[in-house]
Each structure stands twice: as structure tokens, then as C-alpha cells.
Amino acid sequence: MIIIRSIIFNLGMWIFTIPFTLFSLLTFPLKPQQRYQFISNWAKLMLRWLKICCHIDYELIGIENIPKKPCVVFCNHQSAWETLALQQILPPQVWVLKRELLWLPFFGWGLALTSPIAIDRSSGKKALLQMHKQGVDRIKKGFFIIIFPEGTRVKINDNKKYHIGGAWLAKNLRSNILPISHNAGFFWGRNSFLKYPGKITIKIGKPFNIKNMGIEEINQEIKQWIDENVKKISE
């Protein structure tokens, strides 16, 4: 049944995504926040479809820790699930991502309309400057900035070092960092077609004030918080 349910989910996702993306292109003349409000409905509907097809739901801990003022968010990256859930849980947001994702048919087109911070990772220091310039713009427009500090999806229990880019951006934006941990990988694994029924736990911590912290210290402190809480919610 897991295989059948996973097939049904993916078929439904594609059947809905293609016309939704084409319709989303019509939102191009709107303001960024307005475009986001419409396009994020795709993620919310996919979460409902996932619950219906695959019996995957979630519980949220720490919603009271979400600040009213936009900030940088650090979240562990185990699957595609958190890219959907964060759009339902958090206020309007943009993601820091590699620009190649915008070239994907349909998914990338819709993603481009949400004003992401798309960078060329191969350009080194230039990528940091691009990220900072776009980050200042997105914060001013009222967007939270989502960063997956591992830089890619990571298997459960894999220990991957955080990239410096996210901490550097938060430091230069003078932003607090909101930490988020979850255990989605148990139910929808990294690059996995199969989706297993259950309840994902996602925990939001209190924002870290990083004003007097160095880049390595920021990554170390937040990684420790996220890793410890992933372990707790997975027991």
C-alpha cells in the first residue's frame, strides 16, 4: 500500500502542478508579497494531498517563538517535506538556493516567481555579495529568509558541516536566527519516492541573538541546538 499511495501522491502532484504553475505565471505583474501569497497555496494543498494519500501529518512545537519581525531561519534539511511545511507554518518567506533550481520545468518557474535569493555557488565571494544584496531587499519587503545550512538534503543521522554563507548573511543583515528542527526524514527520506505514514514533529526554538558571535560560533551553537532537538523528537 505504501508504494500505491506514493504513486497516487506523485501522479496527483504532477496533474495539479502543471496547470497551477501556468496559472501562476499570470501573477508576474503583482507585488512580491502578493505573488507569494498565491503561489504558496500550492505547498499548502500538497500537504493536504500528502495527508490524504500517504497519511503523513505533523505536530508543531514552539509556534510562539516565531518573531513578528522578519529574520533569518535555519532549518535542517532531510527531505522535500520541510520545503512545503515551512510555507504553511511561517509568514511570507524566501529561500536561499542554487540558481540551477530555477531552470527546472514548472517547479522552477513557480519558484522564480516567489523572489528567492538565487546564487551561483561557483562564484565564491561574488555569491556572498549577491546573497547580501538580495537579502537586504527581501528583509525590507517583509520576507523571512529560509536557509538550509547543510546546503543539501541530508540522510537521518548523517553529520554534515554547516556552510558559512547562512551565518555570514545573518551577521551582515544584523538579524537574529530562528532555529527549526524536524524529523521528516523518517517518513519521506532524502530523494525517496516512498512516503511512510506517521506524524512528523517540527520544533521551533527561540531566536538566537548573534550580535556578539563569530561565524563559526554561530554555526556551532545553532547546529548543536538543531541536532539535539532532532534527536529528542525522534526518540
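- Closest heavy-atom contact between Ser175 and Val72: OG-N, 3.0 Å.
- For the side chain to side chain contact (heavy atoms under 4.5 Å, CB included) test, residues two or more places apart in sequence or in another chain that qualify with Asn209 are Asn176, Lys211.
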| request: Walk me through it: do Phe20 and Met46 pass the test side-chain contact (heavy atoms from CB on, under 4.5 Å)? | output: CA-CA 12 Å; Phe20 184 88; Met46 287 303 100; over 6 Å; no
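- A donor-acceptor contact closer than 3.5 angstrom links the side chains of Gln224 and Glu228.
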| message | Does Leu97 form a side-chain contact (heavy atoms from CB on, under 4.5 Å) with Ile117? I'd like the steps, not just the answer. | response | CA-CA 6 Å; Leu97 47 80; Ile117 299 176; over 6 Å; no
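- In this structure, the side chains of Phe74 and Phe148 stay at 4.5 Å or more apart for every pair of heavy atoms.
- Considering all non-hydrogen atoms of both residues, Pro116 and Leu102 come closest at CG-CD2, 3.9 Å.
- Between the side chains of Lys155 and Asn191, no donor-acceptor pair of N or O atoms lies under 3.5 Å.
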| query | Step by step, would you call Phe107 with Trp14 a ring pair (Phe, Tyr, Trp, His ring centres under 6.0 Å)? | reply | CA-CA 10 Å; Phe107 286 105; Trp14 277 108; 5.0 Å; yes
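- Looking only at atom types and distance, the side chain of Asn229 has a donor-acceptor partner in the side chain of Lys203 under 3.5 Å away.
- Heavy-atom contacts from other residues, nucleotides or ligands closer than 6.0 Å to CD1 of Ile3 number 12 or fewer.
- Counting only heavy atoms from C-beta outward, the side chains of Arg5 and Ile8 never approach each other to under 4.5 Å.
- Hydrophobic clustering keeps Ile7 apart from Ile18 (ILVMFWY residues linked when any side-chain heavy atoms are closer than 4.5 Å, directly or through intermediates).
- The residues Lys199 and Asp57 are annotated as not salt-bridged, no charged nitrogen and carboxylate oxygen being separated by less than 4.0 angstrom.
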| field | side-chain contact (heavy atoms from CB on, under 4.5 Å) between Ile139 and Phe144, worked out | value | CA-CA 7 Å; Ile139 288 286; Phe144 282 61; over 6 Å; no
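- Residues Gln88 and Leu47 form a side-chain contact, since some pair of their non-hydrogen atoms from C-beta on lies under 4.5 Å apart.
- In this structure, Trp188 and Tyr196 have side chains that are not in contact, with every pair of non-hydrogen atoms separated by 4.5 Å or more.
- With a 6.0 Å cutoff to the six-membered ring centre and a 45° limit on the axis angle, Lys195 counts as a cation-pi contact of Phe193.
- In this structure, Tyr162 OH and Gln220 CD are separated by 12.0 Å, a value rounded to the nearest 0.5 Å.
- The side-chain heavy atoms of Thr114 and Val94, taken from C-beta on, include no pair separated by under 4.5 Å.
- Under a 4.0 Å N-O distance rule, the pair Lys133/Asp137 does not qualify as a salt bridge.
- For the atom pair CD of Glu221 and NZ of Lys223, the computed distance is 12.5 Å after rounding to the nearest 0.5 Å.
- A donor-acceptor pair under 3.5 Å links the side-chain atoms of Asn183 to the main chain of Thr201, judged by distance alone.
- Heavy atoms only, all atoms of each residue included: His182 and Cys75 are closest at CD2-SG, 3.6 Å.
- Ser181 has its side chain out of reach of Ile202: every pair of non-hydrogen atoms, C-beta onward, lies at least 4.5 Å apart.
- Side chains of Lys171 and Ile215 form a contact here, defined as non-hydrogen atoms less than 4.5 Å apart.
- Of the possible polar contacts, none joining the Asp120 side chain to the Arg99 backbone as a donor-acceptor pair under 3.5 Å is found.
- Distance check: Asn159 CG to Glu150 CD gives 9.5 Å after rounding to the nearest 0.5 Å.
- For the residue pair Gln93 and Tyr36, a side-chain donor N or O sits within less than 3.5 Å of a side-chain acceptor on the partner.
- Connection of Val230 to Leu60 is not established within any shared hydrophobic cluster, with ILVMFWY side chains joined at heavy-atom distances below 4.5 Å, either directly or through further cluster members.
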| said: Using the rule given for side-chain contact (heavy atoms from CB on, under 4.5 Å), can you reason through Ile156 versus Arg190, listing the C-alpha separation, both sets of side-chain angles and the distance that settles it, and then say yes or no? | reply: CA-CA 8 Å; Ile156 297 170; Arg190 173 179 179 268; over 6 Å; no
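- Centroid-to-centroid, the aromatic rings of Trp81 and Tyr58 come within less than 6.0 Å.
- Heavy-atom neighbours of Lys44 NZ from other residues, nucleotides or ligands within 6.0 Å: above the threshold of 12.
- Phe187 and Gly198 get closest at one heavy-atom pair: CE2-CA, 3.6 Å.
- In terms of modelled atom types and a separation under 3.5 Å, the side chain of Ser234 and the main chain of Lys231 share no donor-acceptor contact.
- In terms of heavy-atom proximity, Leu178 sits nearest to Pro207 at CD1-CG, 3.9 Å.
- In this structure, the side chains of Phe143 and Pro70 stay at 4.5 Å or more apart for every pair of heavy atoms.
- A search for salt bridge (Lys or Arg N to Asp or Glu O under 4.0 Å) contacts involving Arg35 returns nothing, not counting sequence neighbours.
- The cluster map of Ile, Leu, Val, Met, Phe, Trp and Tyr, joined by side-chain heavy atoms under 4.5 Å apart, puts Ile63 and Ile177 in different clusters.
- Here the NE2 atom belonging to His163 is positioned 16.0 Å from the CH2 atom belonging to Trp168, to the nearest 0.5 angstrom.
- Checking side-chain atoms of Glu59 against main-chain N and O of Ile200 turns up no donor-acceptor pair under 3.5 Å.
- Cluster membership check: Ile180 shares its hydrophobic cluster with Ile146, using side-chain heavy-atom separations under 4.5 Å among Ile, Leu, Val, Met, Phe, Trp and Tyr.
- Atom CD1 in Ile89 sits 7.5 Å away from atom CD1 in Ile66 (nearest 0.5 Å).
- No more than 12 heavy atoms of other residues, nucleotides or ligands shown are found within 6.0 angstrom of CZ on Phe23.
- The minimum heavy-atom distance linking Ile39 with Leu113 is given by the pair CD1-CB, 3.3 Å.
- Judged as a ring pair (Phe, Tyr, Trp, His ring centres under 6.0 Å), and not counting sequence neighbours, the contacts of Trp109 are Phe106.
- Put simply, CG on Leu169 and CE on Met131 are 5.0 Å apart, with the number rounded to the nearest 0.5 Å.
- Inspection of the Gln87 and Ser40 side chains reveals no N or O donor paired with an N or O acceptor under 3.5 Å.
- Counted by atom type alone, Glu82 and Ser79 present one or more donor-acceptor pairs between their side chains at under 3.5 Å.
- Hydrophobic clustering keeps Leu30 apart from Phe28 (ILVMFWY residues linked when any side-chain heavy atoms are closer than 4.5 Å, directly or through intermediates).
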